[in-house]
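Labels below follow one simple rule: chain letters A, B, ... track the order of the sequence lines, proteins then strands, and each chain is numbered from 1.
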Amino acid sequence: MNIIVEREKSLEALEQRIEDLRARSARQGGESSEDMRALEDRYAALQRDMFGHLTPWERVNMARHPRRPIASDYIARLDEFDELHGDRQFRDDPALVGGLGRLNGRRIVVLAQQKGRDTKENIRRNFGMVTPEGYRKARRLMELAGRFALPIVSFVDTSGADPGIASEERSQSEAIASCLLTLSRVPVPVVAAIIGEGGSGGALAIALADHVIMLEHSIYSVASPEGCAAILWADASRAEEAAARLKLTSDDLLGFGIVDEIVSEPLGGAHRDADRFVGRVLGTIDAALSHLSNVNRELLVERRRAKYRRIGAWQETSQRFASVAAR
Amino acid sequence: MPIPDWLRIRRDKQQNAEAAQWVKCPSCGELLYRRELEENSGVCTRCGHHFRLHAYDRINLLIDRDFVEVGAEILPRDPLSWSDRRPYLKKLESDREASHLSEAIVTGFAAIGTFPVALGVMDFGFRGGTMGTVVGERVTYLFEEATRRQLPCVIVTASGGARMEEGMLALMQMAKTTMAVDAHMRAGFPYIAVLTDPTTGGVSASFAFQADVIVAESRAAIGFAGRRVIEQTIRQKLPDNFQTAEFLLEKGHVDIVVSRPQLRATLIRLLDYLVDGRGPGRTLQAVPELAAQ
Ligand SMILES: [Zn+2]
């Protein structure tokens, strides 16, 4: 059970009482009563308590909230969108939606990891876990973007690349490695938005970008907390502990230079004011594209390279050259 | 440390331990005499099982002259202040002691046959061959130097994927190394990857599968997701040959499967096809450090 959803349930009774009081006072035409103000104060205080400062594990739950805006909510708000299907080799992967679109009049290529809103759609979309065919479709569209000088906008929301037998048979590794290679040279602006879960190489495959935007309560991690706990401690139930150690929150990653910008969320999360929030995220993407569109193509790729070249944390003992390893 | 030092340390250690003279093959159970096993490149003489190799043993097996190590001064830090059962820094320390390595990859220059190459060899014995910042930085630096010196690159992979203890900084090494591979590729120099047991996760989904020619060592486990993860996901046992080098060859994902005793000769033939005979990288002059020795 999602711990954020549980908390919201505990607030529901109070919300209902406030609603009832509001309706009554509206009917009676009077001003809001002392009771009402006291209730509202209590509600606001509770909300601040519950959502004012979120731990890494709470953010993991926020990123997976069933009502959090998903890729289709953003795509629906573009001026136009025409989906382009398939990898031209094997099949169309519904977990990765791609196509041509227009954002504030600007022509773009869209790549999006698509979760479902309900169980049925989630099964069809494989819970946003992309198979090699999805990555090969993405790569095809990246190349198309490069040929027609269209900037790439990607929406990242996956717990990780699909780990199934069929995905291994068709080489998930090669599919992701090729996306990375293509993004590292494509001579058009690339803006990635981490809108929910950014899980491992499966997320990075469409997130190697000139400008990476992360929503405040999204997560972006080397492995899912469950996966990390399973790998290190053979115990997936220690996910909360893993989440705390992995430094997967937006502020951590801004500090490491891995994301370039954070979009802050309304108190209680993006879904509390979804419409306005989605608009704000698209506005942020548009601003980044405006900025990047002024940079010439060669410089753009050069800067992208320089940005990733710097990422890491190592120490150097002496000169670069040594025929004897320092031990 | 140079390879002769490494070999001396290992021989000293072995002479002190009588029990270490015999090794049991995990595949067929045969008791193998260590010297014989080593003479057969660490391949079981009875069943052909490939034992995992130490990075320096691997280098020793592939090269013809000396090995000039570079990037050895690039050493790990603890960016996440990670600690679980033990602090990350302690884990690194004990792996350093056990493996005689400073990190999970050794990079440098060497000659394979008559071909000077930039050579990187990963070692599963150091943190499961995982890629953290240092592996990413050493690989990136190696490709940059290979590009500058117009040399072909050979990387021998053995990795459990990205290193958890360095979090997203580890994941980003996939992007960083990719860009170095890309620059080397666009400059027109060949890159050969040798996938050994095991090659998975962030390494397989980046530079391992970006090579011009992908050679896989016989029976090596190669894949994106680990076998256990897949079995847990689908809740059934996987067939034995799943994710083996031979399986990948059949599915069309690697160019050649070789058994280890044939690896060096295979690499020399591949380099002979791919390296431009008139290019500056063809002679040992590209690596003065090597020519001087
Ligand atoms: Zn055997």
(request) Answer with side chain, backbone, both or neither: which region of F207(B) has an atom nearer than 4.5 Å to a non-hydrogen atom of chain A? (result) neither
(message) I'd like to check K251(B) versus R170(A) (side-chain heavy atoms, cut-off strictly below 4.5 Å). Are they in contact?
(response) no
(message) I'd like to know which of S167(A), S173(A), A177(A) tops the heavy-atom pair count under 4.5 Å against chain B.
(response) S173(A)
(message) Does any backbone or side-chain atom of L238(B) lie under 4.5 Å from a heavy atom of chain A? Answer side chain, backbone, both or neither.
(response) side chain
(message) Tell me if a side-chain donor or acceptor on Q172(A) pairs with a main-chain N or O of G223(B) at a distance below 3.5 Å.
(response) no
(request) Might you point out which heavy atoms bring L180(A) and M174(B) nearest each other, and give the distance in Å? (result) CD1-CE, 3.9 Å
(message) Looking at R228(B), I want to see if its CZ is surrounded by more than 12 non-hydrogen atoms of other residues, nucleotides or ligands under 6.0 Å.
(response) no
(message) Taking side chain as everything from C-beta outward and backbone as N, CA, C, O, which of these in I230(B) sits under 4.5 Å from a heavy atom of chain A? Side chain, backbone, both or neither.
(response) both
(request) Name, in order of residue number, those residues of residues 200-208 of chain A that have a heavy atom at a distance of less than 4.5 Å from a heavy atom in chain B; otherwise write 'none'. (result) S200(A), G201(A), L204(A), L208(A)
(message) Checking E58(A) now: which residues fulfil side-chain hydrogen bond (donor to acceptor under 3.5 Å, both in side chains) with it, not counting sequence neighbours?
(response) R7(A), T55(A)
(request) For T178(B) and S184(A), work out which heavy atoms get closest and say how close. (result) CG2-OG, 3.9 Å
(request) Answer with side chain, backbone, both or neither: which region of A183(B) has an atom nearer than 4.5 Å to a non-hydrogen atom of chain A? (result) both
(request) Go through the atoms of E250(B) and report whether side chain, backbone, both or neither lie under 4.5 Å from a heavy atom of chain A. (result) neither
(request) To the nearest 0.5 angstrom, please state how far the CD1 atom of I311(A) sits from the CD atom of E137(B). (result) 11.5 Å
(message) Quick one: does any side-chain atom of H253(B) pair with a main-chain N or O of E169(A) as donor and acceptor, under 3.5 Å?
(response) yes
(request) Using a 4.5 Å cut-off on heavy atoms from C-beta on, say whether the side chain of E316(A) contacts that of L75(B). (result) no
(message) Show, in sequence, the C-alpha distance, side-chain angles and deciding distance for L232(A) and W82(B), and conclude whether the side-chain contact (heavy atoms from CB on, under 4.5 Å) test is met.
(response) CA-CA 12 Å; L232(A) 285 181; W82(B) 186 285; 3.3 Å; yes
(message) If we define contacts as heavy-atom pairs under 4.5 Å, which of T140(B), I234(B), V134(B) has the most with chain A?
(response) T140(B)
(message) Could you report the tightest heavy-atom contact between A313(A) and L169(B), atom names first, then the distance?
(response) CB-CD1, 4.3 Å
(request) Heavy-atom distances under 4.5 Å only: say whether D78(B) touches chain A with side chain, backbone, both or neither. (result) neither
(request) Keeping the roles fixed (side chain from R185(A), backbone from D182(B)), state whether a donor-acceptor pair exists under 3.5 Å. (result) no
(message) Keeping K176(B) on the side-chain end and R310(A) on the backbone end, is there a donor-acceptor pair under 3.5 Å?
(response) no
(request) Inspect the surroundings of CG in D240(B) and state if more than 12 heavy atoms from other residues, nucleotides or ligands are less than 6.0 Å away. (result) no
(message) Measuring only between side-chain heavy atoms, which start at C-beta, is F209(B) closer than 4.5 Å to S171(A)?
(response) yes
(request) Quick one: which residue pairs count as a ring pair (Phe, Tyr, Trp, His ring centres under 6.0 Å) with a foot in residues 220-253 of chain A, not counting sequence neighbours? (result) none
(message) Heavy-atom cut-off 4.5 Å, strictly under: side chain, backbone, both or neither for I165(A) against chain B?
(response) both
(message) Could you tell me if the side chain of W314(A) sits less than 4.5 Å from the side chain of R77(B), heavy atoms only?
(response) no
(request) Check whether any side-chain heavy atom of R245(A) sits under 4.5 Å from a side-chain heavy atom of L80(B), and report yes or no. (result) no
(request) For R88(A), look at atom CZ and say whether over 12 heavy atoms of other residues, nucleotides or ligands are found less than 6.0 Å away. (result) no
(message) In the structure I gave you, are the side-chain heavy atoms of M179(B) and R304(A) within less than 4.5 Å of one another anywhere?
(response) yes
(message) Which residues in residues 249-262 of chain A have any heavy atom closer than 4.5 Å to a heavy atom of chain B?
(response) L253(A), F256(A), I258(A)
(message) Please report the interatomic distance OG(S204(B)) to CD1(I176(A)), rounded to the nearest 0.5 Å.
(response) 8.0 Å
(message) Contact between R163(B) and V222(A) at the side-chain level, heavy atoms closer than 4.5 Å - yes or no?
(response) no
(message) Is the shortest side-chain heavy-atom distance between Q243(B) and E168(A) below 4.5 Å?
(response) yes
(message) Working to the nearest 0.5 angstrom, can you tell me the gap between M164(B) CE and I231(A) CD1?
(response) 3.5 Å
(request) Look only at the side chain of Q315(A) and the backbone of E73(B), and say whether a donor-acceptor pair between them is shorter than 3.5 Å. (result) no
(request) Output yes when E166(B) and K247(A) qualify as a salt bridge under the 4.0 Å nitrogen-oxygen rule, no when they do not. (result) no
(request) Side chain from CB out, backbone as N, CA, C, O: work out which of these in P76(B) comes under 4.5 Å of a heavy atom of chain A, or both, or neither. (result) backbone
